[in-house]
2 protein chains.
Amino acid sequence: MSADVAARRGIPDASVARLPVYLQALTSLAERGITNVSSEELAAAAGVSSAKLRKDLSHLGSYGVRGVGYEVDRLAFEISTALGLTQDWPVAIIGMGNLGRALAAYSGFATRGFNVVAVLDHDESIVGTVVADHAVRPMSDLDTLVREDKLAIGVIATPADSAQDVADRLVAAGVRSILNFAPCVLDVPDDVVVRKVDMSTELQILAFHEQRRSGELDLTDEEVAL
Amino acid sequence: MSADVAARRGIPDASVARLPVYLQALTSLAERGITNVSSEELAAAAGVSSAKLRKDLSHLGSYGVRGVGYEVDRLAFEISTALGLTQDWPVAIIGMGNLGRALAAYSGFATRGFNVVAVLDHDESIVGTVVADHAVRPMSDLDTLVREDKLAIGVIATPADSAQDVADRLVAAGVRSILNFAPCVLDVPDDVVVRKVDMSTELQILAFHEQRRSGELDLTDEEVAL
DNA sequence: GCGACTTTGTGCATCGCTTCACAAGTGCGT
DNA sequence: ACGCACTTGTGAAGCGATGCACAAAGTCGC
């Protein structure tokens with residue numbers, strides 16, 4: 001019961017962000033027929049240290065057996081429960097450009113607790129066309145979706161200059177979780193959670209490291225004073 | 001000169017990860033004709049605290065004027081320099097599924113110092129077809145691309161089960177920066193930098209917060225002992 | 001049963017990032 | 001020329017995450 005409390009309150013954000021990775025690793029192990037795993041092995045599969053893994057899992061409860069390790073299926077279930085994946089979350093994708101269509105067609109949603117209930121677009125000429133088995137709906141359908149389909153998560157796949165407007169409409173309709181693919185910062189109320197995915201940002205971070213590497217070569221020439 | 005040292009060494013990872021956001025905000029401000037900005041204003045536009053912004057910028061050097069603020073163009077240039085965006089980085093996209101094609105068509109690359117020099121796929125029946133002005137090339141072209149086009153960054157847009165194999169080929173060819181869109185953990189040597197972008201992971205984090213919110217309602221009933 | 005071995009869960013020290021608070025520096029009005 | 005209002009840059013304190021090391025708790029062989 002104390003574990004149940006920990007599962008709801010005070011799991012560090014850094015731990016939460018790693019739980020999906022552990023779940024991926026566990027699923028992969030299960031597919032290979034592995035039923036038991038030690039923290040050392042699972043940590044290696046997830047690319048983290050074993051101490052970190054054990055500390056993360058300890059926030060969920062005590063689901064391992066000392067001297068043995070973790071049962072793969074059991075641990076996957078417990079992580080799924082902690083993440084709230086025992087229920088299906090209705091998701092809507094807004095913006096049917098290249099990226100939006102790719103996301104709509106992506107099969108990874110359905111496999112783990114997410115259900116694309118609708119795809120929308122602002123453009124009247126696109127509304128009505130079919131993308132990945134979904135008829136594209138107009139933005140005005142948002143309220144209906146929240147009310148009737150219990151829409152909980154909105155995915156923004158529009159250009160940057162439309163993103164804030166879409167976010168405002170999502171918030172107004174009652175959506176409090178947003179995944180933003182547009183390369184811009186969204187301004188939303190405090191109780192709305194936004195996660196940003198931006199490949200330009202990631203590439204720029206890679207460029208930084210790439211540049212730093214090439215800079216290291218002539219570092220010895222310059223910093224003699226250090 | 002001391003600023004130049006700081007620009008190369010010891011910029012905290014957390015700061016580097018935010019620099020692209022600042023750059024976005026600055027670009028947006030410049031487009032609106034704004035030439036000067038205070039740390040308070042820029043911080044608001046980037047969604048961070050002004051203290052954090054100033055500390056981040058202080059790692060690059062001292063490019064602000066006390067009592068006035070920052071010149072937008074100048075600061076954008078300095079951040080671009082720190083990130084290594086003054087040169088164009090050659091990028092290759094591997095995997096021409098839905099996502100790979102969407103990425104290849106994405107215009108955001110060219111605008112920010114990245115140049116898609118090639119798109120590749122493992123599947124022989126796709127090789128030779130044209131995607132977004134690029135003829136799809138076979139995986140065996142990787143070595144040539146690194147040698148002749150100075151390919152520095154590889155973008156993996158394949159299914160999860162091919163991703164590790166692609167990563168191994170990239171590393172073998174000499175690529176040391178990888179952006180991974182496949183939902184799996186990549187095992188690479190220490191000197192290779194991998195950034196992972198995974199919408200399933202992000203959705204699961206959103207699901208956690210969404211579930212925690214609904215759990216808070218009956219929290220008062222349960223935790224009387226606390 | 002019992003002792004040797006294995007692995008978890010966790011207190012503690014450490015590290016790095018964030019936040020605070022203010023001295024130092026700049027422009028402006030008078 | 002001078003003081004006032006404003007904003008940057010930064011030392012120092014605070015906070016959360018990470019890594020270490022080991023006691024607790026279990027299994028296996030005999």
Side-chain angles (χ1 to χ4, degrees), chain A residues 1-7 9-19 21-22 25-26 29 34-72 74-75 78-79 82 205 208, chain B residues 1-7 9-19 21-22 25-26 29 34-72 74-76 78-79 82 190 205 208:
Chain A
M1 51 180 179
S2 170
D4 196 59
V5 174
R9 323 177 75 239
I11 302 181
D13 285 350
S15 286
V16 174
R18 282 187 294 267
L19 292 181
V21 181
Y22 302 154
L26 286 167
L29 290 172
I34 298 170
T35 59
N36 285 83
V37 71
S38 70
S39 65
E40 202 71 49
E41 293 163 337
L42 182 55
V48 300
S49 73
S50 63
K52 198 187 285 187
L53 172 70
R54 288 200 301 276
K55 180 91 62 179
D56 285 342
L57 295 183
S58 76
H59 290 121
L60 308 183
S62 188
Y63 302 120
V65 179
R66 293 172 195 235
V68 178
Y70 302 89
E71 191 193 343
V72 172
R74 173 77 194 287
L75 189 54
E78 295 296 345
I79 293 177
I205 295 170
F208 170 82
Chain B
M1 50 182 177
S2 171
D4 196 61
V5 175
R9 324 178 74 238
I11 302 182
D13 286 348
S15 287
V16 173
R18 282 187 294 267
L19 292 182
V21 182
Y22 303 154
L26 286 167
L29 289 172
I34 297 170
T35 58
N36 285 84
V37 70
S38 70
S39 66
E40 202 71 48
E41 292 164 337
L42 182 55
V48 300
S49 72
S50 63
K52 196 187 283 186
L53 171 69
R54 287 200 302 276
K55 177 88 57 178
D56 285 343
L57 295 183
S58 76
H59 291 121
L60 308 184
S62 188
Y63 302 121
V65 179
R66 295 176 194 231
V68 178
Y70 302 88
E71 191 193 344
V72 172
R74 171 79 194 286
L75 189 55
E78 295 297 346
I79 292 177
D190 286 345
I205 295 171
F208 170 81

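All chains are named by letter (A, B, ...) in the order of the sequence lines, taking the proteins before the strands, and each is independently numbered beginning at 1.
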Peer 1: Only counting residues at least two apart or in another chain, list the ones meeting salt bridge (charged side-chain N to carboxylate O under 4.0 Å, His left out) with A:Arg18.
Peer 2: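 Expected list: A:Asp56.
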Peer 1: Would you mind reading off the distance between A:Lys55 atom NZ and C:dG11 atom P, rounded to a whole angstrom?
Peer 2: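 Nearest whole value for this atom pair: 8 Å.
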Peer 1: Check the interface with nucleotides 13-15 of chain C: list each N/O to N/O pair with the protein under 3.5 Å, or write none.
Peer 2:
none

Peer 1: What is the distance, rounded to the nearest whole Å, between atom NZ of B:Lys52 and atom C1' of C:dC17?
Peer 2: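 Distance check: B:Lys52 NZ to C:dC17 C1' gives 8 Å.
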Peer 1: When rounded to the nearest 0.5 angstrom, what distance separates NZ in A:Lys55 from OG in A:Ser39?
Peer 2: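 Answer for the NZ-OG pair, A:Lys55 versus A:Ser39, is 13.0 Å.
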Peer 1: Please confirm whether the shortest side-chain N or O distance from A:Ser39 to OP1 or OP2 of C:dT8 is below 4.0 Å.
Peer 2: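 Affirmative; the distance criterion is met.
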Peer 1: Looking only at heavy atoms, which two atoms of B:Leu60 and B:Ala82 are closest? And how far apart?
Peer 2: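 Reported closest heavy-atom pair: CD2-CB, 3.7 Å.
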Peer 1: I'd like to check A:Leu75 versus A:Tyr22 (side-chain heavy atoms, cut-off strictly below 4.5 Å). Are they in contact?
Peer 2: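 Of all side-chain heavy-atom pairs linking A:Tyr22 with A:Leu75, none is under 4.5 Å.
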Peer 1: Whole-Å distance between C:dT8 P and A:Leu53 CG?
Peer 2: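 It works out to 8 Å between those atoms.
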Peer 1: Hey, does B:Ser50 reach any base, or is it just sugar-phosphate, or nothing, if we go heavy atoms under 4.0 Å?
Peer 2: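 Nothing, no heavy atom under 4.0 Å.
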Peer 1: Between A:Pro12 and B:Gly64, which is nearer to the 5' end of DNA chain D once each is assigned its nearest nucleotide?
Peer 2: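 Its nucleotide being nearer the 5' end, the pick is B:Gly64.
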Peer 1: Just jot down the salt bridge (charged side-chain N to carboxylate O under 4.0 Å, His left out) partners of A:Arg74, sequence neighbours excluded, or say none.
Peer 2: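 In terms of salt bridge (charged side-chain N to carboxylate O under 4.0 Å, His left out), with neighbours along the sequence ignored, A:Arg74 is linked to A:Glu78.
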Peer 1: Please report the distance, rounded to the nearest Å, between CG in B:Leu57 and P in C:dT18.
Peer 2: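 Interatomic distance, CG of B:Leu57 to P of C:dT18: 13 Å.
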Peer 1: If the condition is side chain to side chain contact (heavy atoms under 4.5 Å, CB included), which residues does B:Asn36 pass it with, not counting sequence neighbours?
Peer 2: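 Expected list: B:Val68, B:Glu71.
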Peer 1: Starting at CD of B:Glu40 and ending at P of C:dT19, how long is that distance when rounded to a whole Å?
Peer 2: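 Distance, rounded to whole Å: 13 Å.
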Peer 1: Specify the separation, in whole Å, of atom CG of A:Asn36 and atom C1' of C:dT8.
Peer 2: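 To the nearest whole Å, that distance equals 14 Å.
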Peer 1: Find the distance A:Arg54:CZ to C:dT7:C1' and express it as a whole number of Å.
Peer 2: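 Interatomic distance, CZ of A:Arg54 to C1' of C:dT7: 8 Å.
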Peer 1: Take the protein atom NE2 of A:His59 and the nucleotide atom C1' of C:dT8, then report the distance between them rounded to whole Å.
Peer 2: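 Atom NE2 in A:His59 sits about 15 Å away from atom C1' in C:dT8.
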Peer 1: Taking the nucleotide of DNA chain C with the nearest heavy atom to each, does A:Val37 or B:Ser15 sit closer to the 5' end?
Peer 2: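 The residue mapped nearer the 5' terminus is A:Val37.
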Peer 1: Do B:Tyr70 and B:Leu26 have side chains that approach each other closer than 4.5 Å (heavy atoms only, starting at C-beta)?
Peer 2: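 With C-beta onward as the side chain, the pair stays apart.
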Peer 1: Taking the side chain as C-beta and beyond, is there a heavy-atom pair between A:Ile205 and B:Leu19 under 4.5 Å?
Peer 2: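 A side-chain contact is absent here, since even the closest heavy-atom pair is not under 4.5 Å.
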Peer 1: So where does chain A start and stop touching DNA chain D, 5' to 3', when the test is distance under 4.0 Å to a non-hydrogen atom?
Peer 2: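 Range of nucleotides within reach of chain A: D:dA17 to D:dT27.
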Peer 1: The side chain of B:Ala51 lies closest to which of these nucleotides: C:dT7, C:dC20, C:dT10?
Peer 2: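 Nearest listed nucleotide: C:dC20.
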Peer 1: Is any side-chain N or O of B:Arg18 closer than 4.0 Å to OP1 or OP2 of C:dT18?
Peer 2: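 Yes, such a contact exists.
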Peer 1: Taking all heavy atoms of A:Leu29 and all of A:Leu42, pick out the closest pair and write down the distance.
Peer 2: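 Looking at all heavy atoms of both residues, the closest pair is CD1-CD1, 4.1 Å.
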Peer 1: Contact list please: residues 65-72 of chain A against DNA chain C, heavy atoms, distance less than 4.0 Å, in numerical order.
Peer 2: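 Within residues 65-72 of chain A, the residues near DNA chain C are A:Val65, A:Arg66, A:Gly67, A:Val68, A:Gly69, A:Tyr70.
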